[in-house]
Amino acid sequence: MNTKHDRKPGGGGAGLRAWARAAALALGTAVLSGCGAGQYISIGDTAAGYNREVLNLGLWAIAISAVIFIGVSAALFYTVQKFREDRNTAEPQQFHGNNKLEVWLVAVPIVIVLGLSVLSVRSLARLNPVSKESVGIEALGAQFWWNFSYPANAAAAGGVVTNGNEMVMPAEAKIAVTTTSRDVIHGFWAPNLGGQRASIPTVKKSWQLDTDRPGVYQGNCSQLCGASHANMRFKVVALPADRYETFETAAQAYRAPTPAPGSAEARGYTIFMQGKAATGAIACASCHRVQGTPAAGVSGPDLSFFGTRRTLGAGKWEAMTPARWEDPEAARILHLWLKNSPGVKPGSLMPTYDGSTYYVNGKPQKGGVLTDQEIDDVAAYLRSLQLPEEADYWRGSPAITSGGQQ
Ligand code: CUA
């Protein structure tokens, strides 16, 4: 049955899809920016070229859909008015077999769908290529943290510059982020900077993001990946070009400071590197890397600049003050974290250091024991792992708050 009534929804179908897409975009913006007066998180942040392109595409889709909506509505109202049953009780004239009309009713929706497809493909072509000039950053997802490494930045002390859970990038530059994973599928997503991308084991895929506005952006894992999926956050600090260069140079030259003999940091260093055989406490160095020391573990996040970082437990806690881990509350949380990480972050694979049971691949393990003093010594060592002050990427970096204002 090729009646007008069968065709109409076909013509409106493309419009409906476009409307749904536009509505999803608008809803996404509303939901994502609904985080109160704190951090501004939005896919509508037009400081990013990526978001501008997607928004532009969305506006085209909305405009085309609006024209279809108005046209179909007008035709519907006109028809309902003109051919009311009470004024025209005879059976309406049928147009079955009207080939000319049917060709039009097929052709018009095809043109609409093709038009929207061309716009979408054009946007994809603009968004996906990664240029040679892009700054390369590798984002490695793991249960439940991130490592960001800078393949172009060979560290003088060996390896490449890597930072756990805090990504540093230049503003006003194209960034090529290469996502991958070391266990399950994660999702790399900093909404203000670009679309979400899967981090897949054994796959390395590059894609671009950028922002015109220096500042601190929120990132989240966007793929359900286990017990602490919601505690797998990260920060992106976008720096003005000159400050990024300062960071880059200092990070390449960085060697973890050697603690003064007899200091708390020195005692912490020994435990960090060797653990405590007497109680079975595993060395931190077996899982973590610290640039410029023998610590080269890769099963946990890189701790090279831990003292400069302002987040702990992949963004579960933030110490967003210049005092950082010297702040009494932050220090208390760091102590709890070191003592029993799985106890404060579900699914954390870090061993416990208070003798409680933790699980590796579902198998119970007995944690070794460190005294409170020894834990504080390790914390003191971690706090000493700082970039030089001029390379501190947090200093003077504003959090982007509501409405994109600083
Ligand atoms: Cu990783 Cu969710």
Side-chain angles (χ1 to χ4, degrees), residues 24 27-29 31-35 38-43 45 50 136-151 162-169 175-209 216-237 287-289 297-303 306 309-318 333 337 340-352 358-363:
L27 185 68
T29 308
V31 169
L32 287 166
S33 52
C35 296
Q39 182 81 42
Y40 169 59
I41 304 173
S42 174
I43 57 171
D45 187 340
Y50 189 103
I137 299 177
E138 190 172 307
L140 171 82
Q143 286 171 319
F144 297 96
W145 47 272
W146 298 90
N147 254 359
F148 298 103
S149 50
Y150 302 78
T162 302
N163 197 14
N165 300 313
E166 293 177 3
M167 175 174 140
V168 185
M169 62 174 251
I175 313 298
V177 172
T178 303
T179 50
T180 187
S181 164
R182 63 175 312 232
D183 38 46
V184 300
I185 299 176
H186 302 277
F188 175 97
W189 196 24
N192 295 56
L193 306 175
Q196 49 180 312
R197 297 296 161 121
S199 297
I200 304 170
T202 74
V203 174
K204 284 192 176 186
K205 178 125 172 58
S206 299
W207 52 281
Q208 60 156 298
L209 58 76
V216 181
Y217 296 89
Q218 182 66 42
N220 305 347
C221 177
S222 60
Q223 181 77 45
L224 183 61
C225 57
S228 262
H229 158 65
N231 297 319
M232 192 174 159
R233 298 169 220 156
F234 57 96
K235 294 282 185 189
V236 180
V237 184
C287 296
H288 298 279
R289 171 177 178 264
V298 292
S299 47
D302 191 295
L303 298 176
F306 182 87
R309 277 160 51 176
R310 291 193 183 182
T311 58
L312 177 67
K316 184 159 172 38
W317 296 279
E318 296 179 5
I333 288 169
W337 172 260
N340 185 349
S341 163
V344 290
K345 178 173 169 178
S348 166
L349 296 175
M350 191 162 132
T352 58
Y358 67 100
Y359 294 86
V360 176
N361 295 327
K363 292 195 184 76

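Every heavy atom of this structure was used, including side-chain atoms; hydrogens, water molecules and symmetry mates were not. Indexing begins at 1, ligand by ligand and atom by atom, following the structure's order.
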Sort by chain and number the protein N/O/S atoms found under 2.8 Å from atom 2 (Cu) of ligand 1.
Cys221 SG, Gln223 O, Cys225 SG, His229 ND1
May I ask you to test the Trp189-Ile43 pair for a side-chain heavy-atom distance under 4.5 Å?
yes
Closest heavy-atom pair, Tyr50 versus Leu193, reported as atoms and distance to 0.1 Å, is CB-O, 3.8 Å
Report the relative orientation of the aromatic rings in Phe234 and Phe188; use parallel for angles under 30°, tilted for 30 to 60°, perpendicular for over 60°.
parallel
Tyr40 and Asp45 have their tightest heavy-atom pair at CE2-OD2, 3.6 Å
Going by distance alone, is a donor N or O of one side chain under 3.5 Å from an acceptor N or O of the other, for Thr180 and Glu138?
no
If you define the side chain from C-beta out and look only at heavy atoms, does anything of Asn231 sit under 4.5 Å from Pro346?
yes
